[in-house]
2 protein chains.
Amino acid sequence: MTATGTRAAEADRVFAALANSTRREVLRLLRDGGPQPVQALADHFDMRRPSLSEHLKVLREAGLVSEQRNGRQRIYRLEAAPLADVQDWLHPYERFWRERLTGLGALLDRMPDDEPA
Amino acid sequence: MTATGTRAAEADRVFAALANSTRREVLRLLRDGGPQPVQALADHFDMRRPSLSEHLKVLREAGLVSEQRNGRQRIYRLEAAPLADVQDWLHPYERFWRERLTGLGALLDRMPDDEPA
DNA sequence: ACGATACGTAGGACTTTCCCTACGCGTCAA
DNA sequence: TTGACGCGTAGGGAAAGTCCTACGTATCGT
C-alpha cells in the first residue's frame, strides 16, 4: 500500500492509468527497452512532449513508474507492483473463464438455481 | 474480439470500465451472487437506480456483463472473457515482479547498461 | 384496460481527462 | 555567465465521465 488514499481509490488510479493506449505503450517501452529518459519515450508518439509528461505523471501517481534524476534528464523506470495487484484482483474471476472453456461451467451458469431474492 | 473498434480502443474500454469502484463491486456481486436483476444489484449502492443503469451500460459495452431479459427484469451475468484478456496483457510484465522478489533482478534493474540513445 | 413494477434514456450540472501553447527551473557546455 | 537543453507546470478549451431528476416503454397482476 502506498501512503495515499483508500484501497479502492488506488485501484481506481491504476485502472484509470491503464485505460489509455499512450500510457500502456509507455509501459511496454519501459518493459522492453529498460529505463529511459522522457525524450526517448516521447519520440515514439505523435504528441507534444508536455502532454507525454502529464501521462507520465498519471503513471507516477498510480505507482506504475518511478523517476530517477540524472543530470538534466529524468530516467523513468517501470514499477510492476501495481500490476501484480491487478493480477491478484483477477484471481477470483479465473474460474469463470476456465469453466467457460470446459463447457460444463457454461451450462451450469445458464441454469442458475441459487439466485438471491 | 467484438465487432467494435480496434484492439487498443477495446482495451481502453475494459480498463476504463474497471476504473470505478461501483463497477468493480457490480462484477464482484455477479461473481459471488450469480446472475441478478438490476434491482438486486442496486440495493447494494448508495446511488439512484438510473445511475447504476449507466454503469451497467459501461460494463456491457466493455463486454464484462451480458443481459438476458426475463419478463420485465433484465438479468445481468458476468462475462469474464475481457478479464482473461487483461490477464494475457499482464503476462509480459510478470517477470518484473518475480525478479523483484528474488532481489537479483532488482539489482540488475538498478544498473542498466543497455539504455537506448 | 389500469395501475404498479422494472428498467432504460434524455437532458442538465459539475468534475475530470486530454490535448495544446506558453513559460519557469535546473543543468550542461563554452 | 550566457545560451541551449531536458523537463515539469500553468492555464485554457473540447470532450467525456458521473451523478441527478424527469420521463418513456414493456410487462405483470387484477
Side-chain angles (χ1 to χ4, degrees), chain A residues 4-6 8-27 29-30 35-62 64-77 115-117, chain B residues 4-5 8-27 29-30 33 35-62 64-77 115-117:
Chain A
T4 324
T6 68
E10 202 166 319
D12 282 7
R13 271 193 298 274
V14 172
F15 282 121
L18 297 177
N20 178 284
S21 61
T22 296
R23 290 192 291 261
R24 287 194 305 277
E25 179 67 5
V26 166
L27 295 181
L29 289 167
L30 294 177
Q36 296 172 46
V38 176
Q39 188 59 48
L41 295 169
D43 289 344
H44 294 82
F45 300 97
D46 183 24
M47 177 184 297
R48 305 293 170 187
R49 194 197 38 75
S51 300
L52 185 66
S53 262
E54 288 171 12
H55 283 303
L56 290 171
K57 182 178 185 176
V58 172
L59 290 169
R60 244 186 291 124
E61 292 177 344
L64 285 160
V65 302
S66 62
E67 73 171 30
Q68 174 194 348
R69 314 182 67 138
N70 185 355
R72 49 188 160 179
Q73 300 187 126
R74 315 220 176 164
I75 310 299
Y76 278 84
R77 177 191 316 277
E115 284 180 46
Chain B
T4 324
E10 203 166 320
D12 282 7
R13 270 194 297 275
V14 172
F15 281 121
L18 297 177
N20 179 285
S21 61
T22 296
R23 290 192 292 261
R24 287 194 305 277
E25 179 67 6
V26 166
L27 295 181
L29 289 167
L30 293 177
Q36 297 173 47
V38 176
Q39 189 58 48
L41 295 169
D43 288 344
H44 294 83
F45 300 98
D46 183 24
M47 176 185 297
R48 305 294 170 187
R49 192 196 39 73
S51 300
L52 185 66
S53 263
E54 288 170 12
H55 283 301
L56 290 171
K57 182 179 186 178
V58 172
L59 290 169
R60 243 185 294 124
E61 291 177 345
L64 285 161
V65 302
S66 62
E67 72 171 32
Q68 174 194 349
R69 315 182 68 138
N70 183 356
R72 48 185 160 179
Q73 300 187 124
R74 314 221 176 164
I75 310 299
Y76 278 84
R77 177 190 315 276
E115 284 180 45

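Below, read A as the first sequence line, B as the second, and so on, with proteins coming before strands; counting in each chain starts at 1. These numbers come from a predicted model, not from an experiment.
D:dG8 atom P lies 11 Å from atom CD1 of A:I75, rounded to whole Å. One can place CG of A:L56 at 11 Å from P of D:dT9, the figure rounded to the nearest angstrom. Taking atom CG of B:N20 as the reference point, atom P of D:dA16 lies 18 Å away to the nearest angstrom. Rounded to whole Å, the distance from CD on A:Q73 to C1' on D:dA4 is 15 Å.
Considering only side-chain N and O atoms, B:H55 lies nowhere under 4.0 angstrom from the phosphate OP1 or OP2 of D:dG17. Between A:Y76 and D:dG8 there is a side-chain polar atom (N or O) within less than 4.0 angstrom of OP1 or OP2.
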(request) Any chance you could list the contact pattern along nucleotides 20-30 of chain D? Use B for base contacts, S for sugar-phosphate-only contacts and - for none, protein heavy atoms under 4.0 Å, 5' to 3'. (result) BBB----BB--
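Within the 4.5 Å cutoff, no side-chain heavy atoms of B:H55 are placed close to those of B:V26. Side-chain contact check for A:L30 versus A:L41: some heavy-atom pair is nearer than 4.5 Å.
A 4.0 Å heavy-atom criterion places the boundary nucleotides of DNA chain C facing chain B at C:dA4 to C:dG11, written 5' to 3'.
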(message) Let's go through B:E25 and B:S21 carefully: what are the C-alpha distance in whole Å and the side-chain angles of both, what is the deciding distance for side chain to side chain contact (heavy atoms under 4.5 Å, CB included) to 0.1 Å, and is it a yes or a no?
(response) CA-CA 6 Å; B:E25 179 67 6; B:S21 61; over 6 Å; no
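Residue B:F45 is out of contact with every strand shown, counting any heavy-atom pair closer than 4.0 Å.
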